[in-house]
Amino acid sequence: MKIKVLGSSAGGGFPQWNCNCPRCDGVRRGTIKASRRTQSSIAVTSNGDDWLLVNASPDVLAQIAANPELQPARQIRDTGIAAVLTIDAQIDHVTGLLMLRERSTPLPLYTTDAVWQDLCTGFPIGPILSHYCGIEHRRIALDGTPLALDALPGVQIDALPLTSKAPPYSPHRQSPERGDNLGLVLTNRATGKRAFYAPGLGEIDGALLDVMRSVDLLLVDGTMWTHDEMIRLGLSKHTAMDMGHLPQCSTGGEDGMLDILDSIVRAGVRKVLVHINNTNPILVEDGPERRALDARGIEVAYDGMTFEL
Ligand code: MLT
Ligand code: MN
Ligand code: ZN
């Protein structure tokens, strides 16, 4: 099983088009050591030809262009993207569906009921795409039955409902529903190796921590370094937690993502932060925050980062 990070940034990308925060300004001017990043998505394959796109980023076309494996060119119109799964209905994870409208067959799309509801109401991509290629919706049930996709032979996907946030336009933004946000456990049945992917992770309870302790690769929410990062920069009134993201540093005695990751000691485990917001100082490769991560054995995802499990 191969997992490729297509986009390692949170919504907005890095640099964000209208942002002059120290990170965006620095990478734009070349005055800091940092790389540009596109918005949140990974792609998974087990046979090397067929890919599951997990999250359809607004940057999907640039991501396909940057990853020629996704265009096998077997016929006049073709794609390696056999199906899409979105872990929530946030703009950075679903807007790219509109960019895939030129398909000649309906797009197979895996979501929970809660996410599909948002995509038919608050952000009606489903009805819109019915005028183009159409969507063949495949329901993620959340009854504990693992998903087996034709596109990913030998791979098992377990979808875990998470505490994070439905998008602002969701009818259930203020009344969370089970399935608004998912984490995925991807298991290669042949090797037994497992990855956990959760770019939006607001709370980690004991059961989830047990799952996180059992995997070989953690690709988890790296949105913000501190809970008030955007407030301090004058960019938002909301904390990381208001947006459904657990910050890396602890807040008022509550564990942050670093404390959680420190408590995971499985031999050989890789701990990787994804969905990095452009304000996050960990983007600076020679900065003190990155040194703190290095010392703890925590990596920062970049576009094109690839894992074989
Ligand atoms: C989030 O996860 O909070 C998003 O990145 C927000 C967005 O895409 O605007
Ligand atoms: Mn996001
Ligand atoms: Zn910025």
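Counting convention: from 1, in listed order, for ligands and their atoms alike. Bear in mind the structure is a predicted one, so any value in this text is a computation, not a measurement.
- Note on ligand 1: H245 sits in its first shell, one or more heavy atoms being nearer than 4.0 Å.
- The one candidate from T191, T45, N188 that meets the side-chain contact (heavy atoms from CB on, under 4.5 Å) condition with M1 is N188.
- Salt-bridge annotation for R266 and D216: present, with a side-chain N of the basic residue lying under 4.0 Å from a carboxylate O of the acidic one.
- Heavy atoms of H275 approach ligand 1 to within less than 4.0 angstrom.
- An N or O contact shorter than 3.5 Å is missing between A10 and ligand 1 by distance.
- Linking Ile, Leu, Val, Met, Phe, Trp and Tyr whenever their side-chain heavy atoms come within less than 4.5 Å leaves L107 and I42 in two separate clusters.
- Here the heavy atom of the protein found nearest to atom 9 (O) of ligand 1 is G11 CA, 4.6 Å.
- Closest heavy-atom approach to atom 4 (C) of ligand 1 within the set D221, D92, I91: this belongs to D92.
- From the protein, the heavy atom lying nearest to atom 6 (C) of ligand 1 is Q90 OE1, 3.9 Å.
- The aromatic rings of H137 and W116 lie parallel to each other, their planes meeting at an angle below 30°, with 60° marking the opposite boundary.
- For D92, the N, O or S atom closest to the Mn ion (ligand 2) goes by the atom name OD2.
- Considering all non-hydrogen atoms of both residues, D221 and L201 come closest at OD2-N, 2.8 Å.
- With a cut-off of 2.8 Å, the Zn ion (ligand 3) has no N, O or S atom of N277 in range.
- Expressed to the nearest 10°, the angle at the Zn ion (ligand 3) joining SG in C24 with SG in C19 is 110°.
- The main-chain N or O of G11 is found under 3.5 Å from a side-chain atom of D92 such that the two form a donor-acceptor pair.
- For the pair H227/H245, no side-chain contact is recorded, criterion being any heavy-atom separation below 4.5 Å from C-beta on.
- The atom of H275 nearest to the Mn ion (ligand 2) is NE2, with the search restricted to N, O or S atoms.
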